Number of protein chains: 2
Amino acid sequence: MTADSDATATATATATAGAKAQPARMRADALRNREHILRAAREIFAAQGPDAPLDEIARRAGVGVATLYRRFPDRSDLIRGVAVEVFTALGEAALVARDERAEPFEALRTFMHAALDLKLGSVLPALMGRVAMDEVLDGVRQDAADPIQELLTQAQAAGTLRPDVLFGDIALMLMRISRPLPGEPLAEDGDLAHRQLEIYLDGLRTPGATAPRAELPGPAVDIGWFKRIRAHVIGKAPGSPPGPQI
Amino acid sequence: MTADSDATATATATATAGAKAQPARMRADALRNREHILRAAREIFAAQGPDAPLDEIARRAGVGVATLYRRFPDRSDLIRGVAVEVFTALGEAALVARDERAEPFEALRTFMHAALDLKLGSVLPALMGRVAMDEVLDGVRQDAADPIQELLTQAQAAGTLRPDVLFGDIALMLMRISRPLPGEPLAEDGDLAHRQLEIYLDGLRTPGATAPRAELPGPAVDIGWFKRIRAHVIGKAPGSPPGPQI
DNA sequence: TCTAAGTGGAGAAAAACTTTCCACCTACGG
DNA sequence: CCGTAGGTGGAAAGTTTTTCTCCACTTAGA
């Protein structure tokens, strides 16, 4: 949120993210609407994926479609806006958690619950394939990923987090778990996610002497994997996937 | 699969699930196509939700649209078909796991991995809101839920599964974790899900003496909750939700 | 070999979504 | 408190997606 509104409010003619430089200053109500749109877009994208009707986003934001189109001429402008907001908030949550909790594992727990509350994680995978990464977006992503990785490293150094847990085990699980269940929106959904996160967190703990555990199976998705996404995405148009489907 | 094809192959004029009683016997190739359609529908529904284009389902099944429409005149016929298949396979997986593993927690683990492989869980929540439960559907659901609950009960009796874990902690997590991540289909997705399931399973274990754990927070979603879904759904048309959205 | 059952794909009809336009508001500097 | 540049919602035209039917052709199975 913060970084995003800053970027707009102070926008001079810097030829950066928004592609269209806003004429110096926005009216207060317009700015407010912009926030509403971004929040709505985040929620709808999370639930329905990046092709969700813009119409619906406008409605949920409580504005007319025209307003949405004026602020974000393209769908990809909107997606980019959401992505920036999401990365920023994630990184901030990680920093806050670090400063707030002395024990590193507790910091990780705090962060993960916060990320869940923000319903942030689930938007990302849907969005990543749809926006070309550039310096700006890549920067905010880095700003998010680094403090999260730091959380992991510290907790592992303290011996409270399983040593074979990787960045992807945190990030991708957050994406899964913070995504609303499909179909009828479920009232219990949010709370249940927190409960299940608690169980997952217990699984992330360094095993005690009592219960011997097997090595974790499966692909090693570390922070480098996320960085590689960039290359993966850049060459690819918003169109349909190339290979055989699933 | 099994129960479903049985139901169709032997279909006399029993005025049951399919609503249209098939004329006694289907040609072998037609039956094969029907299976293909159901499998395709399951995958597409899982990935895209219950409003996915039927067109695409037909294409993935390798049949013409006409074939799909002949076999399942309505979208809801298709959904119901998938739901029956899914419930049946889930229940079977639970029974197999129970018979195959002596230690109850291992049986639970085996079951959960199997459910993941079948990519089953993720279809259900999407589908549940779209089909009116009747005796038939309710029956197969029961046939699935009961053996799963039994798995839990036994593992808890053996002391290896946390005593405060409920049906919903298993079922809803399976739904979350088996749902493909949105956006570009990810090659690692399946394996990663298994890896994360392993972590979750560790969290499900009865805690050792070393690491004291807090009570699980959040809503208690037990098997009764699932049974209540029926009432919840029945009064509701396939149309749009009534209340304020999310 | 015969035929009833089954099939695919073209394309009309319907639905969903995007995008523009314009008459009407309203924040905010003077 | 007033004028106005900046902002707004919603209707409707335009475009794309999706549904669903029809029919000439193929094939399982007796």
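Just so you know, these numbers come straight off a predicted model, no measurement behind them. In what follows, chains are A, B, ... by sequence order, proteins preceding strands, each numbered from 1.
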Would you indicate what [X] reaches in the nucleic acid, counting non-hydrogen atoms under 4.0 angstrom: base, sugar-phosphate, or nothing?
X       : answer
B:Asp55 : base
B:Ala66 : base
A:Val65 : base

Which whole-number value in Å describes the distance from [X] [atom1] to [N] [atom2]?
X       : N      : atom1 : atom2 : answer
B:Asp77 : D:dT19 : CG    : P     : 14 Å
A:Ile57 : D:dG10 : CD1   : P     : 17 Å
B:Arg34 : C:dA5  : CZ    : P     : 18 Å
A:Arg71 : D:dG7  : CZ    : P     : 5 Å
B:Ile37 : C:dT7  : CD1   : C1'   : 11 Å
A:Phe72 : D:dG7  : CZ    : P     : 13 Å
B:Tyr69 : C:dT7  : OH    : P     : 16 Å
B:Asp51 : C:dA16 : CG    : C1'   : 12 Å

Nearest of [options] to any side-chain atom of [X]?
X       : options               : answer
A:Arg27 : C:dT7, C:dT18, C:dA27 : C:dA27
B:Pro53 : D:dG9, D:dT18, D:dA5  : D:dT18
B:Met26 : D:dG9, C:dG6, D:dT19  : C:dG6

So, B:Arg80 and B:Asp77, do they make that salt bridge, N to O below 4.0 Å? no
Electrostatic pair A:Arg32:A:Asp29 at N-O distance under 4.0 angstrom: no
Taking the nucleotide of DNA chain D with the nearest heavy atom to each, does B:Leu54 or B:Ala28 sit closer to the 5' end? B:Leu54
Donor-acceptor contact below 3.5 Å, side chain B:Thr67 vs main chain B:Val63: no
With respect to the phosphate group of C:dA5, does any side-chain polar atom (N or O) of B:Arg70 fall under 4.0 Å of OP1 or OP2? no
Within the structure, does a side-chain N or O atom of A:Asn33 lie under 4.0 Å from either OP1 or OP2 of D:dT8? yes
